[in-house]
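Only one structure is covered here, and it is reproduced in the block below.
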Number of protein chains: 2
Amino acid sequence: MSDRKPETQDLSAQIANDIRDAIIAGDLIVDQRLPSESEMADQFSVSRPTVREALKRLAAQNLIRTQRGATGGAFVNRMSFEDAYGQQITTSTLLLSMNSVSFETACEARYALERACAPLSAERRSADHLATMRAEIVRQSQPGLTDESFCASDVAFHRALVDGAGNPVLSYQLAGAVEAMQPLMNMITFTTRDRNRIVGLHTEIADALEQRDGQRADEVLDQLSCYTRTLAREALDRRRKST
Amino acid sequence: MSDRKPETQDLSAQIANDIRDAIIAGDLIVDQRLPSESEMADQFSVSRPTVREALKRLAAQNLIRTQRGATGGAFVNRMSFEDAYGQQITTSTLLLSMNSVSFETACEARYALERACAPLSAERRSADHLATMRAEIVRQSQPGLTDESFCASDVAFHRALVDGAGNPVLSYQLAGAVEAMQPLMNMITFTTRDRNRIVGLHTEIADALEQRDGQRADEVLDQLSCYTRTLAREALDRRRKST
DNA sequence: CGAGGATCAATTGTCTGACAAATGAAATTT
DNA sequence: AAATTTCATTTGTCAGACAATTGATCCTCG
């Protein structure tokens with residue numbers, strides 16, 4: 001938890017960390033205006049460009065926003081769920097794409113997380129959530145759909161399932177897991193038979209949620225998890241054979 | 001998913017986004033060296049400070065690292081789980097602390113996620129994980145422990161439980177949920193009676209995992225979830241009364 | 001010929017000073 | 001009183017410079 005090398009860090013990194021810690025500690029509250037760049041330069045005994053680099057670091061993390069003009073400046077940003085989604089998805093995508101996480105591992109994590117919210121979703125899902133899921137099922141049944149569109153619809157279906165739990169923290173956490181998987185899923189070529197099976201399972205899930213049967217939804221998700229992993233294994237085998 | 005206002009964005013933000021997209025798309029691969037700051041300044045037709053601001057934005061997201069010296073420069077960073085943890089915890093902490101997420105909601109999310117990995121942990125936990133959990137239980141039983149230390153130990157216990165699932169993606173996702181809750185948990189004052197009850201439930205969880213009984217672990221986690229929420233409600237009531 | 005040290009060139013880190021652009025507030029005019 | 005102009009403040013961008021770091025190169029000496 002401690003900073004690794006505070007002595008060898010850039011000045012801009014040190015300053016950014018100072019300000020970040022102040023925000024986390026609550027010393028700087030939401031919408032509070034930070035001193036102007038010139039003032040901070042004096043305060044930290046550095047030049048304005050150095051302060052600016054620090055501020056850009058914070059802006060990249062959505063911790064502050066800046067505004068030009070007479071009453072402008074840098075303001076502490078209220079971290080929005082949308083901002084958090086974006087960061088989460090970027091981070092997860094990169095983690096999965098370049099950190100030798102196997103499809104298997106990612107898939108297991110995704111379905112474990114999804115199953116966590118199945119009972120909540122069964123209890124709380126609105127008619128809207130159910131309607132979204134049904135609509136995506138219809139879309140997925142269309143013949144001639146590209147694999148990419150099929151995957152996108154799959155993501156939308158599962159997002160609706162997660163959102164049905166009515167817990168924004170869960171939605172935010174799972175957005176990363178589900179969306180970051182999409183590039184990996186896109187590598188799979190779905191046959192008509194595969195799609196029919198998946199659509200069938202999706203329908204069973206929707207039915208279960210409609211009847212507020214969390215237990216049943218959980219079971220079907222388990223089956224879907226197994227099936228997806230089987231498909232991925234086959235896709236991987238084919239790819240290996242062809243090279 | 002699309003950028004909101006590319007036309008009103010800073011030059012440094014635009015450049016940072018360009019490079020970020022190139023990294024995500026795989027056009028820039030891990031450990032690849034970016035052009036020098038001067039070269040990029042020419043390439044993008046901006047000044048060097050502007051390029052530097054862009055690079056600092058990327059560095060803040062752990063997308064690149066920089067090195068001084070003759071063979072130095074900016075290199076595409078391999079996103080490490082550790083980096084991802086850090087970002088996740090910062091984001092989640094801020095999201096919970098200043099986005100009016102109720103303790104109830106956060107708590108529900110946390111235990112839902114934890115229960116997701118209970119069966120996996122029961123199956124795969126090593127003796128090490130179990131030993132860590134037992135050790136933390138002992139620490140939690142010490143009389144005279146401050147509330148903060150008790151909470152820290154609680155986090156360590158649950159981290160061991162999650163890590164026991166042996167899925168780094170789950171560990172990374174849950175790190176945020178569990179650790180971000182700590183500041184909220186610290187607001188609770190635990191009586192000796194509360195602590196005994198929690199330690200008892202922790203012991204039951206450890207026992208269940210030792211016997212590879214995921215079902216049982218899940219049940220106890222459910223109880224712990226309910227109990228924690230009760231305590232939080234009481235703490236909130238007391239706080240409300242005193243003000 | 002090899003090893004060790006001095007030199008060098010490339011690159012990032014930092015500073016200074018300047019000007020442009022935006023923007024809300026104050027002063028002025030109608 | 002309303003509309004317009006002016007103005008001060010602040011961020012955005014630029015140019016050029018120097019310091020610090022660091023690997024590579026070259027040179028000297030054994």
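Remember, it's a predicted structure, so these values are computed and weren't measured experimentally. In what follows, every chain begins at residue 1, and chains take the letters A, B, ... in the order their sequences are listed.
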Which of these nucleotides, [options], is closest to any side-chain atom of [X]?
{"X": "B:Ser47", "options": "D:dC14, C:dA10, D:dT9", "result": "D:dC14"}
{"X": "A:Thr50", "options": "D:dG12, C:dT11, C:dT14", "result": "C:dT14"}
{"X": "A:Ala70", "options": "C:dG24, C:dT11, D:dT11", "result": "C:dG24"}
{"X": "B:Arg68", "options": "D:dG12, C:dT12, D:dT10", "result": "C:dT12"}
{"X": "A:Leu11", "options": "D:dG23, D:dA8, C:dT14", "result": "C:dT14"}

Can you tell me how far [atom2] of [N] sits from [atom1] of [X], to the nearest Å?
{"X": "B:Lys56", "N": "D:dT13", "atom1": "NZ", "atom2": "C1'", "result": "18 Å"}
{"X": "B:Glu37", "N": "C:dA10", "atom1": "CD", "atom2": "C1'", "result": "12 Å"}
{"X": "A:Asp42", "N": "C:dG17", "atom1": "CG", "atom2": "P", "result": "12 Å"}
{"X": "A:Arg33", "N": "D:dT11", "atom1": "CZ", "atom2": "C1'", "result": "10 Å"}
{"X": "B:Met40", "N": "C:dT11", "atom1": "CE", "atom2": "C1'", "result": "14 Å"}
{"X": "B:Leu34", "N": "C:dA10", "atom1": "CG", "atom2": "P", "result": "19 Å"}
{"X": "A:Asp10", "N": "D:dA20", "atom1": "CG", "atom2": "C1'", "result": "12 Å"}
{"X": "A:Glu53", "N": "C:dC15", "atom1": "CD", "atom2": "C1'", "result": "11 Å"}

Quiz item: Taking the nucleotide of DNA chain C with the closest heavy atom to each, which residue, B:Pro49 or B:Gly72, is nearer the 5' end?
Solution: B:Gly72
Is there a side-chain polar atom (N or O) of [X] under 4.0 Å from OP1 or OP2 of [N]?
{"X": "A:Arg52", "N": "D:dT11", "answer": "no"}
{"X": "A:Thr71", "N": "D:dT9", "answer": "no"}
{"X": "A:Arg48", "N": "D:dT11", "answer": "no"}

Exercise. Check B:Leu58, B:Ile19, B:Leu34 against B:Val76 for a side chain to side chain contact (heavy atoms under 4.5 Å, CB included) and give me the one that passes.
Key: B:Leu34
Quiz item: Partners of B:Ala152 by side-chain contact (heavy atoms from CB on, under 4.5 Å), sequence neighbours excluded?
Solution: B:Gln182
Quiz item: Which distance, rounded to the nearest 0.5 Å, do you find between the CZ of B:Phe103 and the CD of B:Glu108?
Solution: 12.5 Å
Practice problem: Check the side chains of B:His129 and B:Thr132 for a donor-acceptor pair under 3.5 angstrom, ignoring hydrogens and angles. | Solution: no
Practice problem: Could you say whether A:Pro35 or B:Ser45 is positioned toward the 5' end of DNA chain D, judged by the nucleotide with the nearest heavy atom to each? | Solution: A:Pro35
Self-check item: B:Asp31/B:Arg65 salt bridge by N-O under 4.0 Å criterion
Solution: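 Yes, B:Arg65 and B:Asp31 are salt-bridged.
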Quiz item: Is B:Arg65 touching bases, backbone alone, or none of the nucleic acid, heavy atoms closer than 4.0 Å?
Solution: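 No contact.
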